[in-house]
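All values below were derived from every heavy atom in this structure, side-chain atoms included, with hydrogens, water molecules and symmetry-related copies excluded. The sequence lines fix the lettering, A, B, ..., with proteins before strands; numbering per chain opens at 1.
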Amino acid sequence: MQLSKTLISWYLVNKRELPWRNTQNPYFIWLSEIILQQTQIKQGLPYYEAFVSQYPTVFHLAKAPEEAVLKLWQGLGYYSRARNLHATAKYIAFHLNGQFPENYKELLKLKGVGDYTASAIASFCFNEVAAVLDGNVFRVLARYYGIHTPINSTEGKKTFKALVSDLIDKKNPADFNQAIMEFGALQCTPNKPDCPTCPLASSCYAHRKNEINQLPVKTKARKPAIKFFNFLVYISDVNTTILEKREQKGIWQNLYQFPLIETPKAINKHELLNYIANAQDIQEVSLFNANPIVHKLSHQHLYTKFWIIKTNKLPQPTVPFADLEKYAVPIVIKNFMDAYNFEVEI
DNA sequence: AAAGCGGGGTC
DNA sequence: GACCCAGCTTT
């Protein structure tokens, strides 16, 4: 049997029930695909439910302030997805009269929509023969056909895209795309794939050659940079603190944080005071976490200290403790806020 | 072509 | 620790 037929048959028996699988509404499909970029379904599902509940149509999302969208996205990471999501919602609502583009080529023009997402929406919503190429597809095809070209190389992307475009079921592109991804997620998993029950095992290159753990090939990532973050948690005598918006490009753009001092290495209290301009107004400084919190991102390891700074003079504007939860903040700050428990100060 | 961008999970 | 996840954008 053809590979596509086998995958679709497997899919119809083994597929999970997921909310975006019961609709062809492009708003819901688009929303789910943006959320699921570089994100496992288990992690993204609660966010999808929250967005659908809060913003049932593209018009609701378009009318929301960006700050509210980022707040709902808080904790999911890759925040450019949320900013692009909101910008695209506004574009579709106010310039396209709420009508999504209906083919791959036009979908590709939307902010935050690349080859994968355009193919997914085009096939799931409009039955266009556009093959998806994601981490699951790379893995399944690399193993089954024994392709050793690195999947994160330009040549690899081209090779695999051509292959999957040839394999896709031209009569049923939507189910094929769903099938090959679900197969990769549930059967041909990165670790310990379930070869004993696999319908493709008898003709699988990696299974035959015992190369399951060597495929797919991926060139090594660079080691993450080490950084030292000192967050200044000001505590005023009227129960307010300071938050700043990260306006510059880079991580956490448009999210909020306590005033940040980044240093070339770890510093102590004495060294910290040399970095603070109005140190004469400070009454007391203490370190919240004796050991730095190591916040690990894909490309950076942040050695983070939260300094509690009590003062009776704070520059404006200040944030009442009770309002802190309204701001979208990086998860490392959210965790601190929960642990510090500002309420005891009130 | 390579770098940058999060956070959670597995082994 | 290394690697992975329904990738995209910028340099």
Side-chain angles (χ1 to χ4, degrees), chain A residues 11 15-16 18-21 29-48 70 73-85 87-88 107-121 123-124 130-140 150-158 160-161 164 174 177-186 188-193 213-225 227 246 248-255 294-302 328-335:
Chain A
Y11 173 67
K15 71 174 186 176
R16 293 167 286 185
L18 297 168
W20 48 84
R21 286 191 172 152
I29 298 297
W30 165 68
L31 179 59
S32 71
E33 293 301 342
I34 302 299
I35 287 174
L36 293 174
Q37 288 169 3
Q38 291 292 286
T39 302
Q40 301 200 152
I41 286 174
K42 184 181 177 185
Q43 186 186 7
L45 185 54
Y47 286 84
Y48 175 81
L70 283 170
W73 199 273
Q74 177 180 287
L76 196 55
Y78 285 155
Y79 295 93
S80 65
R81 291 185 291 170
R83 299 191 300 270
N84 287 332
L85 183 84
T88 294
L107 287 161
L108 196 55
K109 295 177 181 174
L110 301 175
K111 273 189 182 178
V113 174
D115 177 76
Y116 164 78
T117 305
S119 300
I121 300 173
S123 62
F124 299 157
V132 294
L133 185 54
D134 76 333
N136 294 301
V137 179
F138 276 121
R139 185 171 57 257
V140 171
I151 62 172
N152 53 346
S153 67
T154 301
E155 186 194 348
K157 287 170 192 160
K158 192 176 163 189
F160 283 87
K161 181 74 180 185
V164 73
N177 280 341
Q178 295 277 15
I180 193 167
M181 289 193 288
E182 190 79 333
F183 184 81
L186 300 182
C188 193
T189 50
N191 305 310
K192 294 192 201 173
N213 295 322
Q214 279 68 54
L215 290 169
V217 174
K218 197 172 185 179
T219 57
K220 301 286 184 191
R222 276 192 32 192
K223 296 207 170 177
K227 295 190 173 183
R246 292 181 64 97
Q248 71 278 25
K249 285 194 171 187
I251 63 168
W252 304 331
Q253 186 181 2
N254 290 4
L255 273 66
V294 187
H295 187 59
K296 293 182 178 180
L297 308 177
S298 298
H299 302 278
Q300 305 179 29
H301 288 182
L302 308 178
V329 297
I331 206 64
V332 67
I333 297 203
K334 172 65 162 58
N335 290 340

What is the distance from [atom1] of [X] to [atom2] of [N], rounded to the nearest Å?
| X | N | atom1 | atom2 | value |
| --- | --- | --- | --- | --- |
| A:Leu107 | C:dG7 | CG | P | 17 Å |
| A:Leu76 | B:dG9 | CG | P | 12 Å |
| A:Ile251 | C:dT10 | CD1 | C1' | 17 Å |
| A:Lys334 | B:dG6 | NZ | P | 18 Å |
| A:Asp134 | C:dG7 | CG | P | 5 Å |
| A:Leu70 | B:dG6 | CG | P | 11 Å |
| A:Phe183 | C:dA6 | CZ | C1' | 16 Å |
| A:Ile41 | B:dG7 | CD1 | C1' | 17 Å |

Heavy-atom closest contact ([X] atom, [Y] atom, distance):
| X | Y | answer |
| --- | --- | --- |
| A:Ile151 | A:Lys157 | O-CG, 3.8 Å |
| A:Arg16 | A:Ile41 | NH2-CD1, 3.4 Å |
| A:Ala130 | A:Ser123 | O-CB, 4.0 Å |

Can you find a side chain N or O atom of [X] that sits less than 4.0 Å from OP1 or OP2 on [N]?
| X | N | answer |
| --- | --- | --- |
| A:Asn191 | B:dC11 | no |
| A:Arg81 | C:dC8 | no |
| A:Trp252 | B:dG7 | yes |
| A:Tyr78 | C:dT9 | no |
| A:Arg139 | C:dC5 | yes |
| A:Gln40 | C:dC5 | no |
| A:Lys296 | B:dG8 | no |
| A:Gln300 | B:dC5 | yes |
| A:Lys218 | C:dA2 | no |
| A:His295 | B:dG7 | yes |

Checking all strands, does [X] fall into the base, sugar-phosphate, or nothing category for heavy-atom contacts under 4.0 angstrom?
| X | value |
| --- | --- |
| A:Lys42 | nothing |
| A:Gly184 | nothing |
| A:Ile35 | nothing |
| A:Lys223 | sugar-phosphate |
| A:Val132 | nothing |
| A:Thr117 | sugar-phosphate |
| A:Lys192 | nothing |
| A:Asp115 | sugar-phosphate |
| A:Gly250 | sugar-phosphate |

Given the structure, check if the side chain of A:Arg21 and the base of C:dA6 hold any donor-acceptor pair shorter than 3.5 Å. yes

Is any side-chain N or O of A:Ser298 under 3.5 Å from a base N or O of B:dG6, one able to act as donor and the other as acceptor?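 Answer yes: a donor N or O sits under 3.5 Å from an acceptor.
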
Nucleotide nearest [X] (side chain, heavy atoms from C-beta), chosen from [options]:
| X | options | value |
| --- | --- | --- |
| A:Gln37 | C:dG7, C:dC4, C:dA6 | C:dG7 |
| A:Tyr79 | C:dC4, B:dG6, C:dG7 | B:dG6 |
| A:Lys249 | C:dT10, C:dC4, B:dG6 | C:dT10 |
| A:Pro190 | C:dC4, B:dG8, B:dG6 | C:dC4 |
| A:Thr39 | C:dG7, B:dG6, C:dC5 | B:dG6 |
| A:Trp20 | C:dA6, B:dG7, B:dC5 | C:dA6 |

When you measure from the side chain of [X] to the backbone of [Y], do you find a donor-acceptor pair of N or O atoms at a distance under 3.5 Å?
| X | Y | value |
| --- | --- | --- |
| A:Arg246 | A:Ile251 | yes |
| A:Thr88 | A:Asn84 | yes |
| A:Arg83 | A:Gln253 | yes |

In whole Å, what separates the P atom of B:dG6 from that of C:dT11? 15 Å

Distance, P atom - from C:dA6 to B:dA3, rounded to whole angstrom: 24 Å

Comparing A:Met181 with A:His301, nearest DNA chain C nucleotide closer to 5' gives the residue A:His301

Can you tell me if NZ on A:Lys161 sees more than 12 non-hydrogen neighbours from other groups inside 6.0 Å?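 Atom NZ in A:Lys161 is crowded, with more than 12 foreign heavy atoms closer than 6.0 Å.
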
Identify, between A:Arg222 and A:Gly77, the residue whose nearest nucleotide on DNA chain B lies closer to the 5' end. A:Arg222

Are A:Tyr47 and A:Trp73 an aromatic pair, judged by ring center distance below 6.0 Å? no

